[in-house]
Peer 1: 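Sharing a structure below in structure tokens format, with a few things to ask.
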Amino acid sequence: EAQVTQNPRYLITVTGKKLTVTCSQNMNHEYMSWYRQDPGLGLRQIYYSMNVEVTDKGDVPEGYKVSRKEKRNFPLILESPSPNQTSLYFCASREDRDTYYEQYFGPGTRLTVT
Amino acid sequence: EDQVTQSPEALRLQEGESSSLNCSYTVSGLRGLFWYRQDPGKGPEFLFTLYSAGEEKEKERLKATLTKKESFLHITAPKPEDSATYLCAVQAPDSGYSTLTFGKGTMLLVSP
């Protein structure tokens, strides 16, 4: 089954404690991205990756890092989380940069930073 | 300035009561307009892509249409399982290939 998986699904942490949210896809997609979803603001892209070792900033990259060492994995790293990073996070993948019509989203990670 | 505006924010329908959701956009040179469905606690699920004015796509009870300024998602004889948040997103020329700009969504509730 084609899918994007994220872990953990729920996370409560404290300000400043480094955390990583993992994302993995089994469709051999080149293109992966991270979004955050906040009430009243909609989905906003944090970072994206067009292939292994190729990453770039989206609309709201401050406070986040990513890496793409393997094609299937695209972890999101918060080096020093702050309360304004409390949000619902989605990982997404698609075959390449143009195939938005086949963009698959993961189930989401709800992060609370206290 | 919002590039994508969805209305209404929330819509409550009775089962079988047809209606339309609106997505208006202000970008010029639209590369693509996308509709997604999002169920509570889940990631968005792709529904339709529209590329040019006059284009229409259909899937079961849903039909998406596109003009030069807006898109409509028509829901014919909805059922309770159509209850979800519907998201519209656009790909604009100046955003490159990397970014979709999403609207805030319309939350649809269909009562039996």
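So you know, we letter chains A, B, ... as the sequences are listed, proteins then strands, and number each from 1.
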Peer 1: Under a 4.5 Å side-chain heavy-atom rule over Ile, Leu, Val, Met, Phe, Trp and Tyr, are B/Tyr36 and B/Met107 clustered together?
Peer 2: no

Peer 1: Are there residues of residues 104-114 of chain A whose heavy atoms fall under 4.5 Å of chain B's heavy atoms? If so, which?
Peer 2: A/Phe105, A/Gly106, A/Pro107

Peer 1: For A/Asp59, is it the side chain, the backbone, both, or neither that has a heavy atom closer than 4.5 Å to a heavy atom of chain B?
Peer 2: side chain

Peer 1: Please say yes or no: joined through hydrophobic side-chain contacts below 4.5 Å, possibly via intermediate residues, are A/Val4 and A/Val66 part of one cluster?
Peer 2: no

Peer 1: Can you establish whether the number of heavy atoms outside A/Met27 located under 6.0 Å from its atom CE is more than 12?
Peer 2: yes

Peer 1: May I ask you to name which of B/Glu9, B/Gln38, B/Gln6 has the most heavy-atom pairs under 4.5 Å with chain A?
Peer 2: B/Gln38

Peer 1: Indicate yes or no: at least one non-hydrogen side-chain atom of B/Leu100 is less than 4.5 angstrom from one of A/Gln103.
Peer 2: yes

Peer 1: Is B/Lys104 reaching over with its side chain to a backbone N or O of A/Leu41, donor-acceptor style, under 3.5 angstrom?
Peer 2: no

Peer 1: What pairs of residues pass the salt bridge (Lys or Arg N to Asp or Glu O under 4.0 Å) test when at least one of them lies in residues 78-90 of chain B, not counting sequence neighbours?
Peer 2: B/Arg61-B/Asp82

Peer 1: Answer yes or no: are there more than 12 heavy-atom neighbours, outside B/Leu109 itself, under 6.0 Å from its atom CG?
Peer 2: yes

Peer 1: Are A/Phe74 and A/Tyr31 connected into the same hydrophobic cluster when the rule is that any two of I, L, V, M, F, W, Y join if their side-chain heavy atoms are below 4.5 Å apart?
Peer 2: no

Peer 1: For A/Arg44, which atoms come within 4.5 Å of any heavy atom of chain B: side chain, backbone, both, or neither?
Peer 2: neither

Peer 1: Taking all atoms of both residues into account, what is the closest heavy-atom pair of B/Gly43 and A/Phe90, and its distance?
Peer 2: CA-CE2, 3.2 Å

Peer 1: Quick one: what part of B/Leu47 sits under 4.5 Å from any heavy atom of chain A, side chain, backbone, both or neither?
Peer 2: neither

Peer 1: Using the rule that two of Ile, Leu, Val, Met, Phe, Trp, Tyr join whenever any of their side-chain heavy atoms come within less than 4.5 Å, decide whether B/Leu21 and B/Val4 are in one cluster.
Peer 2: yes

Peer 1: Could you see if A/Val60 belongs to whatever hydrophobic cluster contains B/Val90? Use Ile, Leu, Val, Met, Phe, Trp, Tyr and a side-chain cutoff under 4.5 Å.
Peer 2: no

